[in-house]
Asks: 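Take this structure first; my questions come after.
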Amino acid sequence: MKRKKNCFEAKKLIPIDLLMQSFGLRPAKSFQNGKLYHAFYREDKNPSLITFFDSLFATDLGRNNTKYDVVSLTELFLNCSTEEALEYLFSLDALKIENVEIKYKTNVKIINVIPLFSYPLKNYLLSRGITEEFWKYVCEIHYKVPNQNSIFYSIGFKSNTKNFYELRSSAFKGCSGKDITTVENGFSKIILIEGFFDYLSFLVLYPNIKSDFLIMNSIYMIDKTLRYLNENSYSKIILLLDYDKAGNETTEKILSEFQYAVDRRDIMGNQCKDLNEYLISRNPQK
């Protein structure tokens, strides 16, 4: 009875869109009363996981309208038990959807890690403005997901935890586990960036900048980000997070805690929400 009560409370307490944000997943499309996501648990070239603001379920349009609530979505993403899913969901409530730190691996099983090879992945990087000289910062991941016999492939970006990679392709956005990525070059300055495409975009835009870097890989890794900054004595912290509500709130939080932090999102102008969008705007596709 207690487990049923907890499941019911979790479904009522945590909106699906906030859960997806805690996973570091953004909607492919937003509309008046809902959002459309790529189904993170399978290959989903055309986004087919739909959520409505007044519903407790997400519906997979590409899988016979299968419905998922926040508990089942968490079980899928973290590849965990119901009890572990509930622990995660109630931690979101306790932290008021702020200081989320994912503790579990996801349901992605990595088969192989190789240097970038596949032309579709290279073309995807080019479409996002990332030129060949910067491909050395990513790799190619071959992976499997539950209930699928096929082996898929994606761009991989390594985090600080072994075998935890951010995974991207034109058809998939996910990870094998969530953690921050730090690039320690021995400088007293550090640049904070939200996602790895923004990090690669910064390198394309400013290849001669000398700095350490912290890539959050999800705005909800703020707790681990703050811990890292407190444990390392940087004389300057440059913030280049996204121009959105979550990015604004996280920027304000870091500015309030570190006197040497400075918000430099002005380099993106007023029209772009992140560094990758800014990069693409400077070099529009013909």
Side-chain angles (χ1 to χ4, degrees), residues 21 24-30 36-38 40 43-47 113-141 152-159 165-175 178 180-183 185 189-219 221 238-248 250-251 263-286:
Q21 287 180 40
L25 303 176
R26 293 182 176 177
K29 184 178 180 181
S30 297
L36 194 62
Y37 295 86
H38 289 283
F40 57 83
E43 195 78 359
D44 188 22
K45 190 169 186 178
N46 297 311
V113 180
I114 63 173
L116 194 67
F117 175 78
S118 302
Y119 283 106
L121 299 180
K122 293 177 179 180
N123 287 335
Y124 181 58
L125 284 165
L126 289 172
S127 75
R128 299 286 297 268
I130 310 304
T131 49
E132 185 174 357
E133 57 265 42
F134 300 97
W135 296 351
K136 61 186 178 182
Y137 298 106
V138 296
C139 59
E140 180 170 324
I141 303 288
F152 304 105
Y153 59 94
S154 74
I155 298 161
F157 182 73
K158 196 176 187 312
S159 75
Y165 290 87
E166 295 296 305
L167 305 174
R168 297 293 185 276
S169 71
S170 60
F172 183 77
K173 179 177 180 179
C175 64
K178 188 68 69 174
I180 62 172
T181 301
T182 53
V183 181
N185 295 318
K189 175 180 69 176
I190 190 167
I191 298 175
L192 260 65
I193 294 175
E194 192 164 326
F196 82 85
F197 264 104
D198 296 319
Y199 169 60
L200 297 176
S201 299
F202 183 89
L203 297 181
V204 174
L205 289 163
Y206 308 103
N208 297 318
I209 294 291
K210 306 298 182 184
S211 178
D212 286 4
F213 293 88
L214 188 153
I215 301 91
M216 296 180 71
N217 293 318
S218 169
I219 208 72
M221 299 305 290
I238 297 177
L239 306 177
L240 290 172
L241 304 181
D242 290 2
Y243 261 132
D244 57 19
K245 182 180 179 182
N248 293 340
T250 303
T251 296
D263 180 7
R264 286 306 319 272
R265 291 177 296 172
D266 57 292
I267 67 172
M268 295 184 278
N270 299 323
Q271 306 300 319
C272 300
K273 71 177 182 64
D274 59 37
L275 282 164
N276 185 242
E277 189 173 294
Y278 175 62
L279 172 63
I280 293 171
S281 72
R282 285 167 54 103
N283 300 284
Q285 298 286 317
K286 295 182 178 179

Asks: Run the salt bridge (charged side-chain N to carboxylate O under 4.0 Å, His left out) check on E166 and K178 step by step: do they pass?
Replies: CA-CA 7 Å; E166 295 296 305; K178 188 68 69 174; 3.0 Å; yes
Asks: Would you compute the distance between atom CG of L121 and atom CG of L116 and round it to the nearest 0.5 angstrom?
Replies: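 Those atoms lie 6.0 Å apart.
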Asks: Within this structure, what is the CD1-NZ distance for the pair I215 and K158, rounded to the nearest 0.5 Å?
Replies: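 One gets 12.5 Å once the value is rounded to the nearest 0.5 Å.
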Asks: Measure the CG-CG distance between L203 and D198 for me, rounded to the nearest 0.5 Å.
Replies: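 Between L203 CG and D198 CG, I get 11.0 Å after rounding to 0.5 Å.
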Asks: Got L279 and L200 here, is their nearest side-chain heavy-atom distance under 4.5 Å?
Replies: no
Asks: Quickly, which of S154, S169, S118 forms a side chain to side chain donor-acceptor pair (under 3.5 Å) with E140? Name it, please.
Replies: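 Only one option passes, and that is S118.
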Asks: So that I know where these two stand, are Y153 and F117 an aromatic pair - ring centroids less than 6.0 Å apart?
Replies: no
Asks: Answer yes or no: is there a side-chain heavy-atom contact under 4.5 Å between Y206 and I267?
Replies: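 Answer yes - side chains close enough.
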Asks: Going by the angle between their ring planes, with limits at 30° and 60°, are Y137 and F134 parallel, tilted or perpendicular?
Replies: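 Plane angle under 30°, so parallel.
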Asks: Give a yes or no on whether E133 atom CD has more than 12 heavy-atom contacts from other residues, nucleotides or ligands under 6.0 Å away.
Replies: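 Buried by this count: over 12 neighbours within 6.0 Å.
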Asks: Quick one, I191 and I209 - any side-chain contact, counting heavy atoms below 4.5 Å?
Replies: yes
Asks: Using the side chain to side chain contact (heavy atoms under 4.5 Å, CB included) rule, take I190 and T182 through it: C-alpha gap first, then chi angles, then the decisive distance, then the call.
Replies: CA-CA 10 Å; I190 190 167; T182 53; 5.7 Å; no
Asks: Is any side-chain heavy atom of M268 closer than 4.5 Å to one of L205?
Replies: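 Sidechains of M268 and L205: no contact.
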Asks: Under a 4.5 Å cut-off applied to non-hydrogen side-chain atoms, are T181 and Y199 in contact?
Replies: no
Asks: Apply side chain to side chain contact (heavy atoms under 4.5 Å, CB included) to residues I238 and R264 and explain how you reach the verdict.
Replies: CA-CA 6 Å; I238 297 177; R264 286 306 319 272; 3.8 Å; yes
Asks: What heavy-atom pair brings M216 and T250 nearest, and what distance separates the two atoms?
Replies: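 Where M216 meets T250 most closely, the heavy atoms are CE-CG2, 4.3 Å.
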Asks: Please check if the side chain of W135 supplies one atom and the backbone of I130 the other of a donor-acceptor pair under 3.5 Å.
Replies: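 Yes; judged by distance alone, with no hydrogens or angles, the pair exists.
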Asks: Locate the shortest heavy-atom distance separating N217 from S159; write the atom from each residue and the value.
Replies: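 That would be ND2-CB, 4.1 Å.
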Asks: Please check if the distance between the ring centroids of Y124 and F197 is under 6.0 Å.
Replies: yes
Asks: Enter the distance from R265:CZ to L239:CG here, rounded to the nearest 0.5 Å.
Replies: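 One gets 8.0 Å once the value is rounded to the nearest 0.5 Å.
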Asks: Roughly how far apart are L241 CG and D263 CG, rounded to 0.5 Å?
Replies: 8.0 Å
Asks: Kindly say whether D212 contributes a backbone atom to a donor-acceptor pair with the side chain of N185 at under 3.5 angstrom?
Replies: no
Asks: Which heavy atom of I141 sits nearest to which heavy atom of C139, and what is that distance?
Replies: CD1-SG, 3.8 Å
Asks: To the nearest 0.5 angstrom, please state how far the OG atom of S211 sits from the CZ atom of F202.
Replies: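 With rounding to 0.5 Å, OG (S211) is 7.0 Å from CZ (F202).
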Asks: Mind running side chain to side chain contact (heavy atoms under 4.5 Å, CB included) on L125 and V138 for me, showing each step along the way?
Replies: CA-CA 10 Å; L125 284 165; V138 296; 4.2 Å; yes
Asks: Taking side-chain contact (heavy atoms from CB on, under 4.5 Å) as the criterion, tell me which of N276, I280, I193 meets it with S201.
Replies: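 When side-chain contact (heavy atoms from CB on, under 4.5 Å) is applied between S201 and each of N276, I280, I193, only N276 qualifies.
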